[in-house]
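Here is the structure we will look at, set down as structure tokens.
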Amino acid sequence: MFEFMRIAPLLQAPPIGKALEVKGWVRTRRDAKGDFSFLEINDGSCLANLQVVADSTLFNYEGEIKRLTTGCAVRVAGDLVASPAKGQAVELRCRELTVYGWAPAETYPLQKKHHSFEFLRSMTHLRPRTNSLAAVARVRSALSLALHRFFAERGFCYVHTPIITTNDCEGAGEQFTVTALDMNKLPSRDGLVDFSRDFFGRQASLTVSGQLEAEVYALALGNVYTFGPTFRAENSNTSRHLAEFWMVEPEMAFCDLTDDINLAEEFLKYLLASVRSECGAELDLFCKFIDPALHDRLAMVLDQDFARITYTEAVERLRKAGRTFDFPVQWGADLQSEHERYLAEEVFKRPVVVTDYPRVIKPFYMRINDDNRTVAAMDILVPGIGEIIGGSQREERYDVLLARITENGLRQADYEWYLDLRRYGSAPHAGFGMGFERLVQFATGMANIREVIPFPRTPGAAAL
RNA sequence: UCCUCGGUAGCUCAGUCGGUAGAGCAGGUGGCUGUUAACCACCUUGUCGCUGGUUCGAGUCCGGCCCGGGGAGCCA
């Protein structure tokens, strides 16, 4: 007799006059005169609550309804009517209310008030019940779906690269070791742990990037992308780093650096435009309470072309900046955060693509340019976040790649499979990587990356 | 890892010159109102992060430690 509806579609096209049923959590209760009460119900389908009017003729009005507090789970059935008062277009006139679960106000930590994100972080299991964290979750989901749509529309194949990898990444970032050995009785040989007796017969770790494996599939399927968790064991304590985060990595065969940059720019614009059209209420919330400049920053990305300069030009720009930086600017040194911010926020005031970095500061797989001292690399810097995308054209020439592996002190034996890709049917190819949480940060204005992933893992913290 | 700021009621915070802790919200009681983070009155709530020291007396000053925020570095 009552038709169940989620609140999002209910509010979008209110079926006034219908007998409806909603299920959700009480956000607030306001009593009027002792005759009736207003309840605000949120079911997570959208930011907005549904106002319920429950009066004293209900059999459980005194016994249950007047005891409802923030957080209680309920089912409400009644008639949807136009609201006579300001503040909401419709309201549900309650005929039945069932309590699924109480949330005693004396102990339930969430109140009908502002809480600091730091406080909410101490309860990762309850924080998605707040407006802001639920809004972040919806934006994150919308961005994920938009990302798949973007690549699907362009004929990309979604490839699941491994989480556990045996890529030997000497000289690279710290990795988490994956082992099934008894940590209290480690087998050893020559004073070192003998990983030949471990599960995989060799040392394995959690992936720090799916790129090298993505290249395998790009050189078979043409255009591919990966999207999955990535792990770094660095002792990084910042608002932009996580030990476990999600990375998007497209990889395209028959593609050069310019194609790569064009795709990256199109990609960012597509994703942010999707959020703007699908999550308007959430963005308004962020703009109001989190970051007043949010709408302007999104427009800044969406409404203009990205600036494009070479690393060498960037260094000149910084030298002529007429200001001193904490870190000196010199050709051959990597750009510091302060340099990147200056370029994006003050010089161009929009996203900037910096290309052709010195080969000495970039990894072995990036393609050497004709000048022999730079590589076909690109970083996209956005105001507020800094580097959001890093990519390159990959070295497709066997001899050059082999020389770079050697010059970086890597063992050729570990990269024979990677060299095979150049030995047989090699082709120009390029790709980029984007830290997904950085994008969610940019799209929501959230200052700390720990608020844009459901269960953040950082040094010393892995709750749940 | 370094620099810096902080830790006071369930939450957000104030606490002056060292003199024995209090405001809003939350919670409780009563009142009022088609209410909108409702409102009004009254009531309850403290290991002042831990530890040692200075002092007649420490939330306040000094040392050590723990935890957190921000910034930087690290960062396939």
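Per chain, numbering begins at 1; letters A, B, ... match sequence-line order. Below, each value reflects all heavy atoms present in this structure, side chains not excepted, and no hydrogens, waters or symmetry copies.
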With a non-hydrogen cut-off below 4.0 angstrom, is [X] in contact with a base, only sugar-phosphate, or nothing?
X	result
A:Arg29	nothing
A:Arg93	base
A:Asn448	sugar-phosphate
A:Thr238	base
A:Arg27	nothing
A:Ser236	base
A:Arg341	sugar-phosphate
A:Pro109	nothing
A:Ser239	sugar-phosphate

Side chain [X] and base [N] donor-acceptor under 3.5 Å:
X	N	value
A:Asp31	B:U35	no
A:Glu118	B:U12	no
A:Tyr418	B:A76	no
A:Glu91	B:G34	yes

* Asked: Just checking, any donor-acceptor pair under 3.5 angstrom between side chains of A:Ser83 and A:Gln51?
  ->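 The answer is no; no qualifying pair exists.
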* Do we see a donor-acceptor contact under 3.5 Å between the side chains of A:Tyr61 and A:Ser37? ->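 Per modelled atom types, A:Tyr61 and A:Ser37 side chains form a pair under 3.5 Å.
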Distance in angstrom units between [X] [atom1] and [N] [atom2], rounded:
X	N	atom1	atom2	result
A:Tyr357	B:A76	OH	P	13 Å
A:Gln51	B:A38	CD	C1'	12 Å
A:Leu110	B:C11	CG	P	12 Å
A:Phe36	B:U33	CZ	P	11 Å

I'd like a table of atom pairs between the protein and nucleotides 23-27 of chain B - only N or O on both sides, under 3.5 Å - with the distance next to each one.
{"from": "B:A26", "atom 1": "O4'", "to": "A:Gln111", "atom 2": "OE1", "distance (Å)": "3.3"}

* Could you work out which one of B:G69, B:G34, B:G71 sits closest to the side chain of A:Pro84? =>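 Nucleotide nearest to A:Pro84's side chain: B:G34.
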* Asked: B:C75, B:U36, B:U12: which one has an atom nearest the side-chain heavy atoms of A:Arg232?
  ->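 Of the options given, the side chain of A:Arg232 lies nearest B:C75.
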* Indicate, with yes or no, if the rings of A:Phe325 and A:Tyr342 have centres closer together than 6.0 Å. =>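 Ring centroids of A:Phe325 and A:Tyr342 are less than 6.0 Å from each other.
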* Asked: Does A:Phe227 have its ring centroid less than 6.0 Å away from the ring centroid of A:Phe151?
  ->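 No - the distance between ring centres of A:Phe227 and A:Phe151 does not fall below the 6.0 Å cut-off.
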* Taking for each residue the nucleotide of RNA chain B bearing the nearest heavy atom, is the 5' side occupied by A:Leu212 or by A:Ser337? ->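 First, find each residue's nearest nucleotide; the 5'-ward one identifies A:Ser337.
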* To do: Please work out whether the ring planes of A:Tyr311 and A:Tyr357 are parallel, tilted or perpendicular, with thresholds of 30° and 60°.
  =>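 Correct class here is tilted.
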* Intermediate values then yes/no, salt bridge (charged side-chain N to carboxylate O under 4.0 Å, His left out), A:Arg75 and A:Glu96 -> CA-CA 8 Å; A:Arg75 163 189 170 270; A:Glu96 295 171 13; 3.0 Å; yes
* Asked: Got a donor-acceptor contact below 3.5 angstrom from the A:Arg29 side chain to the A:Lys66 backbone?
  ->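 The answer is yes, because a donor-acceptor pair under 3.5 Å joins these two groups.
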* Pairing of RNA chain B as dot-bracket, 5' to 3': ( ) intra-strand, [ ] crossing, | other strand, . unpaired, with Watson-Crick or G-U pairs under 3.5 Å? -> (((((((..((((.....[..)))).(((((.......))))).....(((((..]....))))))))))))....
